[in-house]
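Take a look at the structure below.
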Amino acid sequence: MTGEKRRARPALRWAGAVAFLVLLSACAPNAPQDALEPAGPYARQIDSLFNWVFWTAAGVFFLVEGLLVYALWKFRHRPGRPTPVQVHGNPRLEIAWTIAPAALLAAIAVPTVLLIFSLARRPPDAYDIEVVAHQFWWEVRYPRDQVVTANEVHIPVGQPVFVRLTSVDVIHSFWIPRLAGKRDVRPGAVTHLTLQAEQPGVYLGQCAEYCGLSHANMRLRVVAQPPEQFRTWVEQQRAPAAAQPSGAVVAAFQRAGCAGCHTLNGVEGFGAPSVRTSTVGPDLTHFGSRQTLAGATLENTPEQLAAWLRDPQAMKPGNDMVIPRLTEQEVDALVAYLESLK
Ligand code: CUA
């Protein structure tokens with residue numbers, strides 16, 4: 001062995017170890033992207049098609065590679081072995097290996113194209129919602145019920161929900177893995193997909209298109225509820241703010257300039273949310289009723305909200321919330337008020 005080769009060995013081993021560590025760093029428990037069982041008919045149709053295409057491709061791979069490895073081994077060079085018989089052309093074999101892949105491709109293409117068209121149709125009994133992507137949060141509108149919320153998409157269980165998607169800034173991608181496929185969300189265009197959940201529950205999602213510094217912090221969740229509970233939620237969201245701010249809260253609102261970007265239905269100085277116009281920041285009218293804040297990255301607790309208000313840029317780099325440093329009294333007043341807005 002030459003000296004050069006001997007030196008290359010440990011370097012290779014190190015490179016292998018680093019590559020393995022990088023691979024492991026992609027693992028996370030309960031990440032929104034985890035492969036999970038589909039939880040609705042639309043996700044299930046995509047999952048079935050994926051499995052059919054995947055196992056067909058895997059079969060072809062093992063057949064072709066197996067034959068290749070077999071031929072390499074069987075006909076390898078050995079001293080004294082005569083040259084194998086040389087064959088040129090075999091019409092029957094050639095017809096077979098033209099027809100078989102064509103049939104296989106048709107068996108993949110036909111269900112794929114049919115499903116693409118079927119998923120693109122708006123189901124006639126669908127409930128319609130609109131999702132507007134922002135760097136880095138999701139505005140969710142219910143035009144039929146005049147409700148606007150953020151980062152949490154409430155839907156009724158067992159009913160298809162037709163989601164129209166658009167963006168106010170860059171390209172994002174809407175993805176709730178257990179309920180539907182992935183769809184790009186583009187400025188100046190409307191794309192759509194259909195969600196449907198079979199069981200009540202919370203289904204995690206994530207922006208799936210790199211959109212800036214806090215792309216990884218642009219999450220969302222779908223809360224699927226039995227129809228009566230969903231109606232109760234809608235009624236609650238339609239109501240104006242549950243409480244009026246105290247003088248201390250109003251002063252903090254003014255110093256931080258909250259009304260410039262947020263809406264707060266029924267509170268003086270703030271606009272009301274509208275299903276037709278977007279605001280820079282999420283509507284706050286029922287902030288306390290949400291499970292999360294900051295693009296569904298933080299649990300909605302007084303501690304997390306206080307940390308967020310102290311330094312939004314540290315919690316979520318690159319977001320649009322640029323405010324003066326608040327005093328602890330201001331933070332306390334704002335946290336108490338916002339959390340009371342159920
Ligand atoms: Cu929005 Cu990535």
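Heads up: numbering here begins at 1 and tracks the sequence. Ligands are counted one by one from 1 in listed order, and the atoms in each one are counted from 1 as well.
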Check: Between D128 and R141, is the closest basic N to carboxylate O distance under 4.0 Å?
Finding: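 Result for this pair is no, no salt bridge flagged.
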Item checked: T277 versus E139, closest heavy-atom pair with distance ->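 T277 and E139 have their closest heavy atoms at O-OE2, 4.0 Å.
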Notebook entry, point to check: With atom 2 (Cu) of ligand 1 at the apex, how many degrees lie between ND1 of H215 and SG of C211, rounded to 10 degrees?
Noted result: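 Angle ND1(H215)-atom 2 (Cu) of ligand 1-SG(C211): 120°, rounded to 10°.
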Notebook entry, point to check: Given O of E209 on one side and SG of C207 on the other, what angle do they make at atom 2 (Cu) of ligand 1, to 10°?
Noted result: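 O of E209 and SG of C207 make an angle of 90° at atom 2 (Cu) of ligand 1, to the nearest 10°.
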Notebook entry, point to check: Does the ring center of F162 lie less than 6.0 Å from the ring center of H192?
Noted result: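 Ring centres of H192 and F162 closer than 6.0 Å.
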Margin query: Distance check below 2.8 Å: does M218 bring an N, O or S atom to atom 1 (Cu) of ligand 1?
Written below: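 Yes, M218 qualifies, because one of its backbone or side-chain N, O or S atoms lies under 2.8 Å.
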Next item on the list: Write the atom name of the N, O or S atom in H172 that is nearest atom 1 (Cu) of ligand 1.
Entry: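 This turns out to be ND1.
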Note to self: Checking the side chain of Q244 only, and the main-chain atoms of V267 only, is there a donor and an acceptor separated by less than 3.5 Å?
What the structure shows: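 No, Q244 side chain to V267 backbone: no donor-acceptor pair under 3.5 Å.
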